[in-house]
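The next block holds one structure in the form of structure tokens; read it before the comments.
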Amino acid sequence: MSESEHELLNGLTDAQVDAVTTTDGPLLVLAGPGSGKTTVVTRRIAWLLAQGIPSWQLLALTFTNKAAGEMRDRVDALLPGASGDRRGLTIMTFHGFCARLLRQYPDEARVPSNYSIYDTTDRRAALKQAIRNAGLDSGNWTPASVGEAISQCKNRLTTAEQHDDGGGDFYTRSIGRIYREYQAILDRNGALDFNDLLLKVAVMLRDDDETRQALQDRFRYLMIDEYQDTNQAQFVIASSLVGPQRNICVVGDPDQSIYGWRGADISNILDFEHQFSSAKVVSLGRNFRSTGHIVEASAGLIRRNASHRERTLHTELGDGDRVVVAGAADEHDEARQLVDLFRDQFMAGTPWREMAVLYRINALSRVLEQAFRDGQIPYVVARGTAFYERAEIKDALSYLRLVVNPRDEVALRRVINTPPRGIGKTSMDRVEKYAILNRLGLGEAIGNADQVPALTARAKAALGRFDEMVEAWRADADGGSLLLDLPDFVSRVIRESGLEKSLRTGASEEDIARLENLDELVTAAAEWTPPPTPDDDEQTILQQVASWLESIALVSDADMVDPENGSVTLMSLHAAKGLEFDVVAMAGFEQGLLPHARSLEDDIEREEERRLCYVGMTRARRTLHLSHAHRRTVRGITERTMPSQFLGEIPADAMDRQDDDDPWGTGITPVSTADWQVGATVRHPTFGLGMIRRVVPRPRGTTATVEFLEYGHRTLLVAQSNLEIVDPDEHPWEGIDIPI
DNA sequence: CTTTCGCGAATTTTT
DNA sequence: TTCGCGAAAG
């Protein structure tokens with residue numbers, strides 16, 4: 001072994017060495033929290049390079065840009081001097097990789113070469129239209145529910161044409177109809193949604209032997225991070241990329257699978273050994289991150305999952321502090337407590353950037369932000385996408401999208417009259433009618449506005465000006481004129497579109513903020529560096545815009561966590577995956593919030609909530625602080641809350657309960673829902689025997705609706721009702737007919 | 001055509 | 001509480 005090779009294995013555990021040096025054949029690395037996953041992946045890449053594998057044969061896929069960036073940086077750090085080694089190394093997000101392949105193989109993948117990527121908002125607009133087109137009532141068919149159904153289809157690679165229709169029930173039939181309408185809109189607009197990025201690539205790789213072969217030839221070594229969060233489409237992509245050498249290495253942890261709702265299929269990781277026979281499995285069992293009580297607390301919690309596979313994780317960092325559980329009067333009190341906690345930690349020497357507050361829903365950040373501002377604690381909210389969701393930013397980006405892709409009608413409709421330029425609904429309806437009649441796209445129809453008989457002269461003129469403006473941009477951007485650079489072009493569009501002017505005239509506080517945001521967008525364009533092109537050729541502005549828009553569409557919240565900045569990080573539990581901090585506070589540790597109310601009725605979903613909680617807890621290195629409020633105001637309504645059931649599932653001796661006192665004397669104690677199952681037989685001192693029909697965790701405590709033999713059904717607070725569970729064998733319901 | 005107002009519905013998590 | 005939509009006024 002050479003010296004540099006030796007260095008790559010320095011300080012690794014046996015299991016880690018095994019994972020790093022197993023280069024050939026399928027490999028599954030089960031990496032619990034803090035087990036040095038990134039270290040293993042990066043050293044493995046460096047190891048492969050040290051074996052003389054050309055860098056361009058390596059492909060590493062992650063879920064977030066941040067993870068990809070970190071991986072790149074750490075590989076760089078491992079490579080001595082010669083940065084030439086890593087040129088051609090492909091470390092990308094799954095979606096980014098797919099977007100790039102689609103630009104490279106538009107014909108093979110059957111996508112337009114200048115496609116738009118529709119984000120959640122655009123998609124909503126397209127869905128609404130699809131529901132209308134399908135002739136269904138938008139009251140019963142919400143874009144959210146329909147969108148979810150369609151996503152599921154796409155994740156399973158079921159296309160609109162393939163959607164099962166015959167004989168199906170009304171629901172399935174309708175979804176199929178909306179799906180086809182929706183897809184027709186996307187096709188007509190030359191647009192792809194997030195699912196399409198994966199689906200189009202998966203289908204291409206599955207069906208096009210030549211392309212698959214070419215990619216297999218190029219990428220000899222495949223690595224996939226967070227494998228537990230891959231969906232069906234991603235599995236197809238991964239397995240198609242794997243050539244005959246079967247060099248695929250996946251890294252993940254089933255206990256950290258938190259994207260089931262987005263189609264992630266946990267069986268991908270559970271069945272890996274089955275799907276890739278003779279796969280080697282390496283389990284990383286040592287936790288390098290957290291101290292003992294934190295490991296014990298989180299391990300105790302996750303063990304409650306029926307789907308959990310027993311394993312041991314040990315730490316050699318000592319017991320450390322117990323997990324503090326704090327109660328607060330309300331969310332403001334809770335926030336103030338956290339301010340105090342963080343200030344204390346800071347005084348004791350912890351830098352701000354080593355602290356984080358995690359919460360289940362983004363809505364919780366408001367109150368926290370307020371308190372942090374008042375308490376003069378520097379903070380950042382990790383919400384990468386928020387900036388790009390602002391109306392003025394979306395407007396500006398829609399103009400740019402329209403320049404790149406003239407067929408993008410969602411973008412077109414958004415900006416046609418923003419700012420107002422005299423093209424109202426009536427005129428647009430007329431244009432649309434004309435477009436349909438003449439089988440033109442909406443954009444083309446606008447180009448021929450003066451041919452549309454129904455339009456007023458005024459409207460024709462306004463439409464003509466709009467069309468000229470966009471055409472002029474398009475011509476300049478595509479003219480190969482390199483006189484203009486990207487930020488210049490962006491600022492020109494903001495100016496000439498009238499966006500800037502419309503905000504400048506109104507001088508409200510709000511408008512000034514919007515103007516600043518637009519400036520920031522130009523700055524972002526200036527700071528953006530285009531990805532390297534295959535042949536290093538000069539890109540036209542148009543290509544740069546397209547590429548920039550793509551990168552914007554694919555940013556995630558987690559990407560915004562900047563390790564350099566000296567601020568406390570506030571973020572959702574989902575965004576926290578893969579990160580770690582010295583001090584972690586989890587706010588809103590309440591029933592209905594974590595686990596979330598929408599998951600209480602379903603065991604599978606509740607298990608995912610538990611995993612989410614596990615992910616949060618395991619982000620902490622040495623201090624973990626869990627807090628709940630006794631009442632909380634949601635959507636303007638104040639409600640009493642009760643502590644999360646998860647508190648009852650964490651081993652008591654790993655915790656320091658400071659929330660015992662009950663400031664309202666409600667006497668509410670969390671009730672383990674485990675014993676109170678629907679169908680259980682119970683006895684009540686006055687009502688006698690009955691059967692549980694329904695169990696609902698409520699702010700005032702868990703309630704059970706019981707069908708009593710002699711008194712009919714009653715809903716009772718479990719904690720106060722003196723109900724006792726009766727062994728059914730003891731009192732069989734012999735010959736007694738219980739009404740349902 | 002544009003603006004404003006009032007009502008109703010809704011938010012879990014995100015590439 | 002906030003957002004989005006539709007109706008009515010300007």
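Convention: sequence-line order gives letters A, B, ...; per-chain numbering from 1. What you are looking at is a predicted structure, and each value in this text was computed from that prediction instead of being measured.
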- Task: Quote, to the nearest angstrom, the C1' distance that separates C:dG6 from B:dT11.
- Result: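 22 Å, rounded to whole Å.
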- Item | C1' atoms of B:dT13 and C:dG4, separation to the nearest Å |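 Roughly 22 Å separates the two C1' atoms.
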- Message: Any side-chain N or O of A:Asn65 below 4.0 angstrom from OP1/OP2 of B:dT15?
- Response: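 Checking A:Asn65 against B:dT15: no side-chain N or O falls below 4.0 Å of OP1 or OP2.
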- Query: Between A:Phe94 and B:dT15, do the rings stack, that is, sit under 5.5 Å apart with planes less than 30° off each other?
  - Reply: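 No; by the centre-distance and plane-angle rule, A:Phe94 does not count as stacking on B:dT15.
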Using the test salt bridge (charged side-chain N to carboxylate O under 4.0 Å, His left out), find all partners of [X] that sit at least two apart in sequence or belong to another chain.
X	value
A:Arg414	A:Asp395
A:Glu550	A:Arg103
A:Asp122	A:Lys394, A:Arg401

Could you list the residues that satisfy side-chain hydrogen bond (donor to acceptor under 3.5 Å, both in side chains) with [X], not counting sequence neighbours?
X	value
A:Lys577	A:Asp229
A:Asp253	A:Gln256, A:Arg311
A:Thr121	none
A:Arg100	none

- Base versus backbone protein contacts along nucleotides 1-10 of chain C [heavy-atom cut-off under 4.0 Å; B, S, -]: BS--S-----
- Residues touching DNA chain B, which here means a heavy atom under 4.0 Å, drawn from residues 223-232 of chain A: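 Hits under 4.0 Å, by residue number: none.
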- Message: Considering every strand and a 4.0 Å limit on heavy-atom distances, what is the contact class for A:Phe63: base, sugar-phosphate, or nothing?
- Response: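 The residue A:Phe63 makes sugar-phosphate contact but no base contact.
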- Message: Any non-hydrogen side-chain atom of A:Asp265 less than 4.5 Å from a side-chain atom of A:Thr230?
- Response: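 No; the side chains remain at least 4.5 Å from each other.
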